[in-house]
Amino acid sequence: MKRRDFLQSSVLVGLGLSVTACNNANKTGSENPPSIDDFELSEITVAELQQKLKSGELSSQQIVQLYLKRIEAIDKSGPKVNSIIEVNKEALLIAKVLDDERKSGKVRGPLHGIPVVIKDNIDTADAMVTSAGSLALTNHRAKKDAFIVTKLREAGAIILAKTNLSEWANFRSSNSSSGWSSRGGQTRNPYVLDRTPCGSSSGSAVAVSANLTPLAIGTETDGSIVCPSGINGVVGIKPTVGLLSRSGIIPISESQDTAGPMARTVTDAALLLTALTGIDAADDKTKHQPSEPAVYLNFDDTVLEGACIGYLSESSAFDKRVSLIVDEVVDVLKKKGADVVEVAVSDETKGLWKYEWTVLICEFKDGLEKYLQSHPECGFNTLAELIEFNKKNTEKIMPWFEQEIFEAANETDALNDEKYKEAKAKCIELSRKQGIDKLIDEHKLDALMAPTNGPAWSIDYVNGDNFGGGSSQLAAISGYPSITVPAGNIKGLPIGVSFFGKPWTESRLIQIAHLYEKVSQKRLKPDFVNSLIQ
């Protein structure tokens, strides 16, 4: 989950930037280090990769090798965006097996032989560590794949690497720096390197944006997919809670947690979403999925004709320049046949954050301890033990910010806390019945819309994050779906627009986002500028 100041009603923020080419002369370890722009797979789509595989122009092994070289040149050297926390040493071997399958006539589907990176809070039963970015779990190798990892492997995807994140999905301290972890260090915004990548799925968004991978998986509790996606100029889908299994993912909240796809295009994000869905006996919320599986790739250029979109203009306090970008989004939607009306939530709903905070700290203690106890290889059983470990390793784990969220969660009685049930009921009432459901029903809306993020702030270890606006809260607390798409930029820093709606409406939201993306074409490649201050 992205760091939020729970003592205020601030939401998400972000933006992106790029104008000039990066003149970084750092060595990459070769005599002729590759240029940042000299990459043959730059901005390539999954369909284009599949065409190269089908024609024999490239093999999966060659594709993996190209991305590994790109990671070495851009992530570990040169700009050093630091989005990858660990490369999968088995990636080339897996690619060979999939190449052999292709040669024998077996192609599993559109992800066969395609690299994917995943956030480092998702279990993989291989040589890679699952640490949530914490040195406390630096030796934790899961014994079983997360359900969604199993789905990836079945689809023929190649897990290329794990990505850095805000430590513990940004649920350790209210004074944190998004994208920093004690295990992985600081992930950087590829548009301007001294700016935030947002979080907590920082590395997943940056890896996609910087063309280190075609696809990534992040996780979200409140904003952790959509904020970094918006700030890093990519597409992110936060599904309805229960569409994707959470088993095998280090948790924050049973009510709000979900994994979700991140990609450079809506089509690629939808392809990945399709591969990840499924009912998992280990996650009760997946049992509520519609009996008829949705189709996420049924794009329709007439989807906005006669549609009504509700613009949540008061979703947060944004930079006024963001409003100008949203005005352009509204113009595009209207030209494609939609009616756009301004809508607003009640003052009581605007105060949701205080109830969300109670739910999260109670569910975090319960969920994390259940995860630890079901994973004895972690070496910890309780949140209290992690707190003590961090205290004993303060210089390495808490050099910049502490663990007051950990401590607040540990002081609760978890799900038995007196305040928990009341807070959870309030969250459901205000975010659903008095929030998204009410707005959509009263105004007969097809979807809601709001800017995803404000301008990306400078990385600041002293003061922590300085969020300047966001719109993730309603969809996050309700457990409803949202999708963010690039919508423009301020001084080269990307701004996203989010579409969200009622549960299980991913297909409709993806259609709307796809048409907007097709018409607007606002994706901006990063230039890896060192700083705006020259």
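A quick note: this is a predicted structure, and the numbers were derived from the prediction, not measured.
- Qualifying side-chain contact (heavy atoms from CB on, under 4.5 Å) partners for Pro115, counting only residues two or more places apart in sequence or in other chains: Ile63, Val64, Tyr67, Leu160, Pro214.
- Looking at Glu363, its side chain does come within 3.5 Å of a backbone N or O of Ser255 through a donor-acceptor pair.
- Listed by chain and residue number, Val462, Asn463 satisfy the side-chain contact (heavy atoms from CB on, under 4.5 Å) test with Asp460 (two or more places apart in sequence, or in another chain).
- Of the possible polar contacts, one joining the Glu404 side chain to the Ser174 backbone as a donor-acceptor pair under 3.5 Å is found.
- Residues that satisfy the salt bridge (charged side-chain N to carboxylate O under 4.0 Å, His left out) test with Asp280, not counting sequence neighbours, are absent from this structure.
- In this structure, the side chain of Lys285 does not engage the main chain of Ser245 through any donor-acceptor pair within 3.5 Å.
- Here Lys336 pairs with nothing under the salt bridge (charged side-chain N to carboxylate O under 4.0 Å, His left out) rule; sequence neighbours left out.
- The list of salt bridge (charged side-chain N to carboxylate O under 4.0 Å, His left out) pairs with a residue in residues 128-138, not counting sequence neighbours, is empty.
- Applying the salt bridge (charged side-chain N to carboxylate O under 4.0 Å, His left out) test to pairs two or more places apart or on separate chains, those with a residue in residues 176-189 are Glu86-Arg183, Asp120-Arg183.
- Residue Ile71 forms a side-chain contact (heavy atoms from CB on, under 4.5 Å) with just one option from Thr213, Val117, Ile84, and that option is Ile84.
- Lys365 places a side-chain N or O within 3.5 Å of a backbone atom of Thr412 that can act as its donor or acceptor partner.
- Taking the charged nitrogens against the carboxylate oxygens, Asp268 and Arg264 have no contact shorter than 4.0 Å, which rules out a salt bridge.
- For Ser458, the side chain to side chain donor-acceptor pair (under 3.5 Å) test picks out no residue, with sequence neighbours left out.
- Asp75 meets the side chain to side chain donor-acceptor pair (under 3.5 Å) test with Ser83; sequence neighbours excluded.
- Scanning all heavy atoms of the two residues, the minimum distance from Val208 to Ala263 falls at CG1-C, 3.6 Å.
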Problem set entry | Ile44 vs Asn211, side chain to side chain contact (heavy atoms under 4.5 Å, CB included): CA-CA, chis, key distance, verdict | CA-CA 8 Å; Ile44 199 165; Asn211 281 281; 5.8 Å; no

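- Side-chain N or O atoms of Ser166 include none that pairs as donor or acceptor with a backbone N or O of Ser178 at under 3.5 Å.
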Problem set entry | CA sep, side-chain torsions, deciding dist, call: Ile231, Cys227, side chain to side chain contact (heavy atoms under 4.5 Å, CB included) | CA-CA 6 Å; Ile231 275 183; Cys227 184; 4.0 Å; yes

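- For the side-chain contact (heavy atoms from CB on, under 4.5 Å) with Ile118, the lone residue among Asn88, Ile148, Asp123, Leu152 that qualifies is Leu152.
- Using a 30° and 60° split on the angle between ring planes, Phe299 and His514 fall in the parallel class, below 30°.
- Screening Ser202, Ser177, Ser181 for a side-chain contact (heavy atoms from CB on, under 4.5 Å) with Gln186, the sole residue that qualifies is Ser177.
- Counting heavy atoms from C-beta on, the side chains of Ile225 and Ile237 never come closer than 4.5 Å.
- Contact annotation: the side chain of Tyr355 approaches that of Leu430 to within less than 4.5 Å [non-hydrogen atoms, C-beta and beyond].
- Side-chain rings of Phe364 and Phe171 approach one another, their centers coming within less than 6.0 Å.
- For Asp283, the side chain to side chain donor-acceptor pair (under 3.5 Å) test picks out Arg246, with sequence neighbours left out.
- Contacts of Tyr420 classified as ring pair (Phe, Tyr, Trp, His ring centres under 6.0 Å), with partners at least two apart in sequence or in another chain: none.
- Applying the ring pair (Phe, Tyr, Trp, His ring centres under 6.0 Å) rule to Phe401 yields the partners Trp180; only residues at least two apart in sequence or on another chain are considered.
- The salt bridge (charged side-chain N to carboxylate O under 4.0 Å, His left out) pairs that include a residue from residues 429-438 number zero, where partners must be two or more places apart or lie in different chains.
- In this structure, the side chain of Asp194 does not engage the main chain of Ile459 through any donor-acceptor pair within 3.5 Å.
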